[in-house]
Amino acid sequence: MGSMGEPEIPYVDVLLVGAGFASYTLLNRLRRLGLSVSIYEKGSASGGIWHWNCYPGARVDSDTPIYQLFDKELWEDFTFKERYAGWPELRRYFKHIEKKWDVEKHVEYHKHVDGAKFDEEKHQWLVDCSDGSEVYCRWFIPCIGFASRRYTPPVPGLSNFRGDVYHTAVWPQHGVNLKGKRVAQIGTGASGIQVAQEIGDSVKHLSLFMRTPNYCLPMNQRKLDPNEEEKKKANGDYEKAFNDCRKTFAGFTYDFVDRNTFDDTPEQREKFFRKLMIEEGGFRFWLNTYKDMLFDQAANDEAYKFWRKSVLKRIKNPEKQRLLAPENPPHPWGTKRPSLEQRFYEVVDQDHIDIIDVNETPIEDVTETGLRTKNGHIEFDVLVLATGFDSVTGSLAQLNIQGINGGTIADHWKNGLKTSMGIAMPEFPNMFFLYGPQAPTAFSNGPSCTQFQAEFVEELIKRAEADGITRVEATQASEDEWTKRMHEKWDCTLFPLAKSWYQGANIPGRRVEPLNWAGGMVDYVESLHKSLDNDYQSWQTNKT
Ligand code: N01
């Protein structure tokens with residue numbers, strides 16, 4: 001008990017927020033240093049995005065084996081069943097981690113962090129939760145990803161609708177039966193493509209409201225043979241794959257080739273594109289292609305032409321061809337996130353599915369039984385909002401985390417996003433964030449990015465603890481330098497030409513600015529580790 005009879009506020013060395021990949025890898029690393037570690041998770045189970053993402057068809061777009069933690073003790077006795085795992089399997093994987101690593105004793109569920117304040121005397125954060133509880137911690141590490149603040153567009157009259165409305169980001173855990181229903185869906189991003197593809201065959205009618213066509217790529221999904229996977233593990237293929245992730249732009253096993261688009265003849269190009277997109281599938285057509293594709297418009301046009309030709313072959317309805325694969329690309333190929341699809345184009349080509357371009361035919365208002373456009377009233381039973389997130393910055397900016405001058409994170413970014421190496425900020429000592437703004441985040445395989453960042457955080461904390469340092473704050477110079485580099489890397493690509501959530505352009509009125517590091521994983525990880533050279537050169541350190 002405290003001196004005034006108040007209960008004493010508990011203390012933990014490290015507080016991790018969110019129970020996903022980032023916090024689990026950190027937990028395992030930091031407790032090995034002898035630190036006490038707690039995880040506060042607002043949901044009822046672990047899995048991070050895979051706890052919330054349980055909409056029909058939700059599955060990951062990174063392939064096995066790299067969408068997992070790279071620790072041998074985890075992968076040696078867990079084998080994914082599909083090349084691209086679905087949400088139920090990913091949840092099983094998290095249960096596996098919990099069992100192997102004895103995680104449960106560190107995690108508190110239904111624990112919603114509201115805010116935090118740095119105590120300058122103690123060199124500790126005082127963190128408060130929505131249940132009224134507080135905790136002090138030396139190291140405060142939000143691991144809340146880039147998609148924890150969902151976005152619902154201001155559709156007029158939305159609250160009038162008497163049927164059910166579901167946002168993909170908070171899909172009911174018990175599932176929803178849409179078989180035989182009339183469904184309207186807004187959005188054709190990663191979530192929207194998967195929902196439409198999954199429910200399309202069995203609904204009575206689907207009205208798919210689309211703002212921008214998604215340049216989907218064939219997933220080439222397949223079941224994995226467990227014996228084959230065991231052989232690969234024994235041959236060192238898994239370890240090789242994890243190691244390769246350290247050497248590539250996006251933390252995948254493959255990288256851009258060392259050739260420009262027009263170095264090849266048209267025939268060679270056609271063959272190369274075919275191999276990437278059709279034979280190999282997945283993101284190869286995006287991330288294993290010519291090195292100038294995301295930088296040079298003429299090169300990019302070649303990619304678009306090939307993509308369009310492949311898609312048109314799969315759609316019979318001429319109006320749907322026009323909408324889904326327009327002659328004039330609305331943005332350069334690959335500057336918005338392409339989705340991986342299995343039968344999307346065949347599914348939405350069916351007669352009971354309408355595609356409505358909201359640019360040509362805006363939603364005027366939602367009524368009790370449907371919605372109205374200039375073409376009339378459309379009735380439906382269920383409305384699905386696959387409208388995404390206040391991405392990347394929204395997760396952190398929504399929390400009342402106050403820096404040493406009293407300003408919040410949102411205040412810190414008021415005149416433009418700025419961070420030190422996408423992991424920390426001046427005025428917010430002893431706080432690191434993983435898989436967030438100005439890091440490779442949305443341009444990377446999630447587990448690669450989070451594990452490489454976690455390795456750095458481990459190194460920093462280990463050194464600080466050994467040196468008796470109790471306060472570590474990114475310098476202003478390092479934030480200025482990183483933010484300048486962010487813009488330089490971004491501005492020489494074609495990414496600024498797309499109205500994408502990569503730069504916050506999905507939300508009306510939001511500042512449009514690069515949110516993700518476009519300089520690649522290798523450069524990123526090197527910059528992190530270099531920041532500790534010359535006696536913590538990018539950090540200001542103090543002892544209590
Ligand atoms: O969100 P999104 P998401 N009227 O922002 C549209 C990861 N993820 O949940 O493109 C009409 O991509 C919007 O249109 P536009 C992954 O990184 C991964 O799908 O902005 N439409 C868009 O079509 C992913 O990229 C996986 O013009 C409106 C859609 O809503 C990220 O999360 C699965 C609108 C939103 O798509 C986000 O994906 C799921 C309006 N007013 C998520 N406002 C996998 O690994 C917005 N839209 C498979």
Side-chain angles (χ1 to χ4, degrees), residues 21 48-50 52-63 66-67 82 84-87 90 145-156 158 166-171 184-198 207-217 219 221 250 282-283 286 323-324 330-331 334-342 344 355-364 366 371 373 383-392 394-395 435 440-447 449 498-510 512 515-516:
F21 281 116
I49 199 70
W50 300 108
W52 304 101
N53 265 8
C54 58
Y55 58 78
R59 71 176 59 253
V60 71
D61 276 352
S62 294
D63 48 358
I66 62 165
Y67 198 75
E82 292 180 305
Y84 297 92
W87 65 266
L90 284 158
F146 71 84
S148 78
R149 184 176 160 86
R150 69 180 178 275
Y151 173 65
T152 299
V155 186
L158 192 55
Y166 300 108
H167 195 296
T168 45
V170 279
W171 200 261
Q185 178 187 318
I186 306 177
T188 51
S191 309
I193 295 294
Q194 292 187 326
V195 173
Q197 172 181 273
E198 188 75 12
S207 306
L208 187 54
F209 290 87
M210 181 179 87
R211 188 165 68 180
T212 313
N214 189 323
Y215 302 162
C216 300
L217 293 170
M219 178 177 256
Q221 171 71 313
F283 281 145
W286 191 31
L323 293 173
L324 293 169
H331 53 272
T335 55
K336 286 182 75 141
R337 163 79 149 66
S339 278
L340 300 189
E341 56 80 36
Q342 299 179 60
F344 173 74
I355 300 178
I356 303 112
D357 180 342
V358 296
N359 304 297
E360 297 169 355
T361 315
I363 297 169
E364 288 172 355
V366 178
L371 63 76
T373 71
L383 176 61
V384 174
L385 298 170
T387 45
F389 301 89
D390 179 357
S391 298
V392 191
S395 302
Y435 209 44
T441 308
F443 292 152
S444 71
N445 171 44
C449 182
K499 270 184 148 186
S500 70
W501 63 259
Y502 286 154
Q503 51 175 347
N506 58 323
I507 296 183
R510 228 191 108 155
V512 175
L515 304 179
N516 302 279

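From a predicted model like this one, the values you see are computed outputs, not experimental measurements. Whatever order the structure lists ligands and atoms in, that order sets their numbers, starting from 1.
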Nearest heavy-atom neighbours spanning A386 and T168: CA-OG1, 3.5 Å
Nearest non-hydrogen atom to atom 35 (C) of ligand 1 belongs to which of G187, P213, A386? A386
For the side chain of T361 and the backbone of V358, is there at least one donor-acceptor N/O pair under 3.5 Å apart? no
For atom 33 (C) of ligand 1, closest protein heavy-atom neighbour: Y55 OH, 3.1 Å
Counting non-hydrogen protein atoms only, what is the nearest one to atom 3 (P) of ligand 1? Give residue, atom name and distance. S191 OG, 3.3 Å
Indicate yes or no for a side-chain donor-acceptor contact from D390 to the backbone of R149 under 3.5 Å, with no hydrogens or angles considered. no
Students should be able to answer this: which protein heavy-atom is nearest to atom 48 (C) of ligand 1, and at what distance? R59 O, 2.8 Å
Can you tell me if S395 uses its side chain to pair, donor with acceptor, with the backbone of S148 under 3.5 Å? yes
Does ligand 1 have an atom under 4.0 Å from some heavy atom of K336? yes
Whether Q221 side chain and Y84 backbone form a donor-acceptor pair below 3.5 Å: yes
Where the closest heavy atom to atom 12 (O) of ligand 1 is concerned, which of F443, Y84, W501 has it? W501
Tell me whether the rings of W50 and Y67 are parallel (<30°), tilted (30 to 60°) or perpendicular (>60°). perpendicular
Examine F209 against ligand 1 and note whether any of their N/O atoms are separated by less than 3.5 Å. no
Got an N/O contact under 3.5 Å between K499 and ligand 1? no
Out of Q194, R211, E341, who gets a non-hydrogen atom closest to atom 46 (C) of ligand 1? R211
Nitrogen or oxygen atoms of I186 and ligand 1 under 3.5 Å apart: no
Might you work through the side-chain contact (heavy atoms from CB on, under 4.5 Å) test for I49 and Y435, ending with a clear yes or no? CA-CA 12 Å; I49 199 70; Y435 209 44; over 6 Å; no
Does Y55 have its ring centroid less than 6.0 Å away from the ring centroid of Y166? no
Ignoring hydrogens and geometry, is there a side-chain-to-backbone donor-acceptor pair from N506 to G388 under 3.5 Å? no
Around atom 36 (O) of ligand 1, find the nearest protein heavy atom and jot down its residue, atom name and distance. G189 CA, 3.5 Å
Among protein heavy atoms, which sits nearest to atom 7 (C) of ligand 1, and what does the distance come to when rounded to 0.1 Å? F146 CZ, 4.1 Å
Here the atoms of ligand 1 under 4.0 Å from any heavy atom belonging to V60 are 45 (O)
Main chain of I193, side chain of E341: is a donor-acceptor contact present, judged purely on distance under 3.5 Å? no
Could you tell me which non-hydrogen atom of P508 sits nearest to which non-hydrogen atom of Y151, and how far apart they are? CD-OH, 3.2 Å
To which protein heavy atom is atom 18 (C) of ligand 1 closest, and what is the distance rounded to 0.1 Å? R337 NH2, 3.5 Å
Taking distance alone, with N or O pairs closer than 3.5 Å, would you say Y151 contacts ligand 1? no
Atom 8 (N) of ligand 1: which protein heavy atom is closest, and how many Å away? A190 CB, 3.9 Å
Note: P153, heavy atoms under 4.0 Å from ligand 1, region reported as side chain
Counting heavy atoms only, name the option from D61, T212, T387 that's nearest to atom 27 (O) of ligand 1. T212
Shortest non-hydrogen contact from E360 to L323? OE1-CD2, 4.1 Å
Check for me whether the distance between the ring centres of Y502 and F146 falls short of 6.0 Å. no
Going by distance only, is there an N or O of N53 that falls short of 3.5 Å from an N or O of ligand 1? no
So is W87 close enough to ligand 1, meaning a heavy atom under 4.0 angstrom away? no
Shortest protein contact, atom 23 (O) of ligand 1 (heavy atom only): T188 N, 2.9 Å
